[in-house]
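Following: one structure in structure tokens, then a few remarks.
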Amino acid sequence: MSTFSGLNTGLSSLYASRRALELAGQNISNVNTEGYSRQRLDLQSVGGPVTSALHATYDGVGNGVMVAGVDRLRDMFLEARALTERGTAAGLAGDRVLLGRVEAVLAEPGDAGISRQLADFWDGWDDVANNPDSLAARSQLLERAQTLAEGLNGAVQALDAQYDASHQELAATVLDINAVAVGVADFNRAIVSATRAGLSPNDLLDKRDVLVQRLAEMAGATVKHGDAGSVDVFLGGTALVTGTTTCPLQVSGTGGTPPGSDAVAVVWAGAADASGPQAAVGGAAGSLLKGLNDVLPRYRAQLTDVAERVRTQVDAVHDAQAFDQQGAPGEHFFVITDGRLVVNVSDPARIAASASPGTDGTGDRGGTKAAQLAELSSAKGGADELYRRTVVALGVEAQAAGRRVEIQDDILAQVDAAREAESGVSLDEEMTNLLAFQKAYEGAARFISAIDQVLDTLINRTGVVGR
Amino acid sequence: MSSPRVTQRSVTSTVMRGLQANALRMQQIQEQLSSGRQVNRPSDSPVKTVEAMQFRGTLSRTEQYVRNAQDGLAVLGTVDSALSSGLEMVRRARDLTLTGMNGANGAQGREALAAEIDQLRESLIGVANTRYLDRPVFGGNTGGALAYSTPVAGDPAGAFVGDTGAALRTVAAGTQVEVNVTGPETFGDGTDSQLFDVLAGLSAALRGGPEVGGVTDLDDGLSKLDRATERIVAALGKVGARTNRVETLAAKAEDSLVTLTNSLAEVESIDLPKTIVELQMQEVAYQAALGATARVVQPSLLDFLR
């Protein structure tokens with residue numbers, strides 16, 4: 001043991017306490033930083049040489065303290081779990097938002113929905129039946145038919161617009177996924193170099209993990225930890241990021257005409273079409289994909305079915321079976337042109353309300369056929385019933401999606417709470433650390449002055465006898 | 001998943017979650033209160049949504065049935081008053097015939113009687129051409145403006161020119177009621193004692209002219225006139241019965257309008273006092289949550305360090 005080694009012991013303690021105080025400061029500063037994991041100083045005592053050697057002078061007391069490293073407190077398994085739950089939550093939330101938009105398109109139940117327009121349309125036939133001669137009743141019926149056609153076409157158009165919006169959103173999301181994946185790869189590179197150089201990559205790890213979390217939300221990605229702090233990110237079983245390289249994604253397919261007739265897919269870049277190697281995307285992108293390939297086309301088809309049913313129901317009575325004001329047989333009341341329901345009758349007099357052509361060439365003023373058409377509102381398997389079934393199916397699906405979101409939010413909250421408990425900063429704890437290390441610093445300083453005084457005694461007061 | 005550590009952020013996120021849930025519930029109640037409806041979108045309750053849609057559909061149909069019935073009653077009323085006044089005229093014609101059969105009348109007197117019967121006949125043709133909304137009510141579904149041809153100079157006319165189509169009104173689901181009586185069933189057809197033929201025949205017989213319209217003499221004419229009268233009375237009976245039926249069905253439809261409106265309100269509308277109480281309770285819960293947050297987030301070791 002050398003004369004001055006005590007000073008060194010004190011110094012190491014001063015250093016260690018300073019580091020600890022600074023670390024507490026860092027933790028406190030980041031108490032509300034998203035993705036920050038609390039850090040803890042790993043202190044180790046410095047002992048003497050443990051193997052005996054010639055001239056070794058170790059008195060067994062030790063040589064102070066050293067900082068072995070800065071630990072980042074994070075539970076890898078909780079993090080993995082959180083990633084999965086986050087991906088699921090983002091996907092479910094996307095489903096619910098989309099179904100909510102479809103609900104808004106239909107505007108049921110209420111006086112503004114298609115069911116009201118259908119009811120008005122059928123009632124209009126009764127007004128014609130009551131007074132087949134009245135131009136007012138006939139014109140009113142044509143107006144109502146026009147309103148109904150516009151209502152149905154408008155709803156289909158709104159779904160198509162939503163389809164375009166979702167498609168654009170998917171394209172943007174995929175671009176974002178690619179950019180974030182590149183970010184993860186860049187961080188991986190920096191982390192590996194820092195680790196190899198013996199530096200602490202904790203801040204880099206935190207920032208990288210925030211990006212990985214975004215990948216989980218956007219695409220349902222999962223991770224596997226690699227060497228030297230790097231991570232590999234997977235979609236399904238295929239790597240999106242491997243160490244410092246990424247494999248970009250792209251959207252394939254435009255959906256075709258009408259929207260939704262062709263499948264849209266997210267494929268690995270380089271694949272020419274939707275049949276190429278598809279990426280198993282979950283999360284928000286997966287939800288958008290489901291909306292584009294299932295939800296929107298399904299409700300669009302149901303609405304066009306309703307339009308088609310209205311057309312066939314009316315034509316079954318109106319077309320050629322009934323006779324108009326001049327006694328001529330009726331024509332198609334509705335036609336479907338380019339997938340849109342169009343009112344084919346433009347002249348109110350051409351509405352065929354009567355069951356007979358009349359005898360004297362001036363037509364017949366019966367309203368039997370019109371009355372028959374009015375009663376179609378409650379026909380089994382008619383347009384009204386078909387439409388109601390669509391609304392119920394939508395309601396049930398949207399309700400279930402809402403419930404799943406609520407449940408998933410609860411799960412996510414629990415996992416997040418557990419993560420926060422593991423890696424979050426507790427101010428009370430940091431305060432206690434501050435106190436502890438402040439006292440440790442004061443103690444080390446006192447220790448140094450004690451040694452100093454001892455040396456002072458030795459150097460300045462020894463050998464001065466008789467001076 | 002309990003953990004011994006409680007950190008600033010875990011407290012904050014729990015608090016935020018609780019507050020968010022409270023605020024969401026407040027917003028839902030507020031939406032219900034401001035719209036007055038508990039079902040605002042299908043996912044609020046798919047079952048109630050479809051019930052509401054069905055009630056609305058039935059309500060709309062029933063309103064139309066009431067309108068149909070009222071229209072039908074108007075037609076029936078027109079027919080009824082036409083027939084009543086027609087019956088008066090026929091009775092007058094019968095009186096005139098009886099007077100003519102009385103031998104005390106001279107040729108001049110009989111001529112006057114015949115002239116009055118001609119007048120009555122013309123008026124009765126007018127009655128038979130009674131219109132409702134520009135349609136001859138005894139003309140079936142004819143496209144023409146007349147049910148019986150009107151007398152023109154020299155020609156007594158009075159021939160049926162309409163058809164025998166039925167005018168139907170749907171007054172309940174699947175129930176159609178005829179709201180007209182046709183000319184032939186009311187005034188007879190050409191083969192047997194058609195009213196206008198009989199009247200022409202009576203007038204000719206009074207004048208002592210040749211046989212017209214199958215009326216051989218005044219006695220024969222009188223019995224045929226009685227048959228025509230019976231037919232009009234029978235038609236009046238039919239109209240009465242139909243009016244009755246339509247009125248009953250219309251009353252039933254109006255009753256069910258009330259029931260349906262109630263059912264729709266029950267399914268769709270909020271219970272106002274209940275919802276307001278819920279809002280109050282939610283407000284209290286929200287304030288409690290805010291209060292708890294203020295107390296939980298506030299203290300820290302900092303407060304107790306010198």
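Quick note: numbers below take in every heavy atom, side chains included, and nothing from hydrogens, waters or symmetry partners. Throughout, protein chains are lettered first and strands after them, A, B, ... in sequence-line order, and every chain is numbered starting at 1.
- At distances below 3.5 Å, not a single donor-acceptor pair connects side-chain atoms of Arg41(B) with backbone N or O atoms of Gly395(A).
- Neither the backbone nor the side chain of Thr14(B) comes within contact range of chain A; no heavy atom of the residue lies under 4.5 Å from a heavy atom of that chain.
- Put simply, of Glu430(A), Glu385(A), Glu34(A), the one with the most heavy-atom pairs under 4.5 Å next to chain B is Glu34(A).
- Chain B forms the most heavy-atom pairs under 4.5 Å with one residue out of Val392(A), Leu394(A), Asp416(A), Asp133(A), and that residue is Asp133(A).
- For Gln27(B), the CD atom sits in a loose shell: 12 or fewer heavy atoms of surrounding residues, nucleotides or ligands are nearer than 6.0 Å.
- Two residues are said to be in side-chain contact when any heavy atoms from C-beta on lie closer than 4.5 Å; Arg365(A) and Thr142(B) fail this criterion.
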Could you go step by step and tell me if Gln54(B) and Asp384(A) meet the side chain to side chain donor-acceptor pair (under 3.5 Å) rule?
CA-CA 9 Å; Gln54(B) 264 165 344; Asp384(A) 293 67; over 6 Å; no
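- Counting heavy-atom pairs closer than 4.5 Å to chain A, the top residue among Gln176(B), Lys48(B), Arg135(B) is Arg135(B).
- With chain B as the partner, the residue from Thr432(A), Asn32(A), Asp127(A), Leu434(A) showing the most heavy-atom pairs under 4.5 Å is Asp127(A).
- Between Asp126(A) and Arg67(B) no salt bridge is recorded (no basic side-chain N to carboxylate O distance below 4.0 Å).
- Heavy atoms of Arg419(A) lying under 4.5 Å from chain B are absent altogether.
- The greatest number of non-hydrogen atom pairs below 4.5 Å with chain B, out of Pro109(A), Gly424(A), Ala104(A), is found for Pro109(A).
- Although no hydrogens or angles enter the test, the distance criterion places no donor-acceptor pair under 3.5 Å between the side chain of Glu108(A) and the main chain of Thr49(B).
- Between the side chain of Glu103(A) and the backbone N or O of Ser43(B), at least one donor-acceptor pair lies under 3.5 Å.
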